[in-house]
Amino acid sequence: KIIRLLASAKKIAGEYVKNHSDVWLEYYVVLGWFHTLIAEDCEGMMRAMADAEGIAQATVDTDLGMIDEIILPSANMLFELGEYGKAAERLKTGIQMCGKDAYKGIVPYIRKKMDLYACLLDTYYLSRDFGKCRDVIGIIDEENRRNRELGVVKVIEAGYREEIEEVAYE
């Protein structure tokens, strides 16, 4: 039934919508989720998200938009498929986008970067890479010090830091 719905959506979009539109972008993201959660097909998901990214490059105006529309969904899909290393790479791409010189001191980009670091921490935690967890916690701490006066602070859940330190040194 889901496959029929996707085929029907594709047919309707093909008849009524321009090739590079938000409708096609959302179609390919939904298709990516289908390949992730139903088909459990990483290659199919990667193809769908590559198509979505191509459309996003023509339709999304900001790096924040690219992160929200492409980087985070694809990282989440990879995460769900157990592809933690690939998910981490997508998150680091988003972090680099937020770290551009043009965005220094711009709170929405700083906040998004901190959110991406928190996702990266979770990714490393679930992949049991506690050394990288410690590295990310150090970065979050430094970013918190740097951005506190801007009102941007990422709080690490109580006990999380201690658990990572404890496991990392076993």
Side-chain angles (χ1 to χ4, degrees), residues 18-33 35-37 42 45-127 129-161 163-165 168:
K18 295 185 297 185
N19 282 341
H20 292 289
S21 75
D22 291 339
V23 172
W24 279 110
L25 173 61
E26 295 306 319
Y27 168 79
Y28 284 114
V29 172
V30 168
L31 185 60
W33 278 113
H35 284 293
T36 300
L37 299 174
C42 189
M45 181 278 293
M46 295 294 284
R47 282 191 305 275
M49 290 309 292
D51 288 341
E53 188 166 353
I55 293 167
Q57 289 172 349
T59 61
V60 175
D61 296 332
T62 66
D63 283 336
L64 285 178
M66 270 309 256
I67 291 166
D68 288 340
E69 296 290 338
I70 301 298
I71 300 295
L72 280 170
S74 62
N76 285 329
M77 291 173 200
L78 289 161
F79 185 90
E80 290 295 327
L81 290 166
E83 296 285 344
Y84 299 120
K86 291 178 183 176
E89 290 306 312
R90 291 302 284 170
L91 293 167
K92 288 191 267 184
T93 296
I95 290 166
Q96 289 173 346
M97 292 167 74
C98 290
K100 292 178 181 176
D101 285 340
Y103 304 139
K104 286 204 186 308
I106 299 177
V107 172
Y109 284 91
I110 296 168
R111 187 171 289 119
K112 184 63 70 178
K113 182 168 66 169
M114 297 303 286
D115 291 343
L116 291 165
Y117 275 125
C119 292
L120 186 60
L121 177 59
D122 290 342
T123 301
Y124 287 145
Y125 180 83
L126 289 174
S127 68
D129 192 337
F130 299 111
K132 288 184 180 174
C133 286
R134 277 195 328 274
D135 294 343
V136 172
I137 287 172
I139 292 168
I140 291 171
D141 289 344
E142 178 58 33
E143 291 286 333
N144 282 343
R145 280 190 287 281
R146 186 177 311 131
N147 299 309
R148 187 172 310 280
E149 62 195 41
L150 297 173
V152 180
V153 175
K154 182 56 68 181
V155 176
I156 298 172
E157 185 179 325
Y160 201 43
R161 179 186 309 266
E163 180 184 350
I164 289 169
E165 287 299 320

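Only this structure's heavy atoms are used, side chains among them; waters, hydrogens and symmetry mates stay out. Numbering of residues begins at 1 and proceeds along the displayed sequence. The structure presented is a predicted model; accordingly, all values stated were derived computationally and were not measured.
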Here the gap from Arg47 atom CZ to Met45 atom CE, rounded to the nearest 0.5 Å, amounts to 10.5 Å

Check whether any side-chain heavy atom of Trp33 sits under 4.5 Å from a side-chain heavy atom of Glu80, and report yes or no. yes

So do the side chains of Asn76 and Arg90 get within less than 4.5 Å of each other, counting heavy atoms only? no

Could you tell me which residues satisfy salt bridge (charged side-chain N to carboxylate O under 4.0 Å, His left out) with Glu89, sequence neighbours excluded, listed by chain and number? Lys92

Restricting to side-chain contact (heavy atoms from CB on, under 4.5 Å), what partner residues turn up for Met46, sequence neighbours left out? Cys42, Leu78

Can you tell me how far OH of Tyr27 sits from CG of Leu31, rounded to the nearest 0.5 angstrom? 4.5 Å

Are Asp122 and Tyr160 close enough that some pair of their side-chain heavy atoms sits under 4.5 Å apart? yes

As a quick check of understanding, evaluate side chain to side chain donor-acceptor pair (under 3.5 Å) for Asp135 and Tyr124, giving each step before the final call. CA-CA 10 Å; Asp135 294 343; Tyr124 287 145; over 6 Å; no

Could you go through the side chain to side chain contact (heavy atoms under 4.5 Å, CB included) check for Val153 and Met114 one step at a time? CA-CA 8 Å; Val153 175; Met114 297 303 286; over 6 Å; no

Between Lys104 and Asp101, is there a salt bridge with N-O shorter than 4.0 Å? yes

Does Glu83 reach the side chain of Met77, with side-chain heavy atoms less than 4.5 Å apart? no

In short, Pro73 meets Val29 closest at the heavy-atom pair CB-CG1, 4.4 Å

Identified salt bridge (Lys or Arg N to Asp or Glu O under 4.0 Å) counterpart of Glu143 within the set Arg111, Lys113, Lys154: Lys113

Looking at CG of Leu37 and CG of Leu81, how far apart are the two atoms once the value is rounded to the nearest 0.5 Å? 8.0 Å

To the closest 0.5 Å, what do you measure between CD1 (Ile70) and CG (Leu25)? 5.0 Å

Tell me whether the count of non-hydrogen atoms from other residues, nucleotides or ligands lying under 6.0 Å of CD in Glu142 goes above 12. yes

Could you go through Leu72 and Leu91, starting from their C-alpha distance and side-chain angles, then the distance that decides it, and tell me whether this counts as side chain to side chain contact (heavy atoms under 4.5 Å, CB included)? CA-CA 7 Å; Leu72 280 170; Leu91 293 167; 4.0 Å; yes

Taking all heavy atoms of Cys98 and all of Ile67, pick out the closest pair and write down the distance. SG-CD1, 3.4 Å

Please name the pair of heavy atoms, one in Ile164 and one in Cys133, separated by the smallest distance, quoted to 0.1 Å. CG2-CB, 3.6 Å

Let's go through Lys100 and Tyr109 carefully: what are the C-alpha distance in whole Å and the side-chain angles of both, what is the deciding distance for side chain to side chain contact (heavy atoms under 4.5 Å, CB included) to 0.1 Å, and is it a yes or a no? CA-CA 9 Å; Lys100 292 178 181 176; Tyr109 284 91; over 6 Å; no

Is there a side-chain contact between Arg161 and Ile140, using heavy atoms and a 4.5 Å cut-off? no

Could you tell me if the side chain of Leu126 sits less than 4.5 Å from the side chain of Phe79, heavy atoms only? yes

Can you tell me how far CD of Glu26 sits from CD1 of Ile55, rounded to the nearest 0.5 angstrom? 10.0 Å

Taking every heavy atom of Ala48 against every heavy atom of Gly32, the minimum-distance pair comes out as CB-N, 3.7 Å

Show your reasoning for whether side chain to side chain contact (heavy atoms under 4.5 Å, CB included) applies to Val60 and Asp68. CA-CA 10 Å; Val60 175; Asp68 288 340; over 6 Å; no

What distance separates Arg148 CZ from Asn144 CG, expressed to the nearest 0.5 Å? 5.5 Å

Hydrogens and angles aside, do Tyr103 and Asp63 bring a side-chain donor and acceptor to less than 3.5 Å of each other? yes

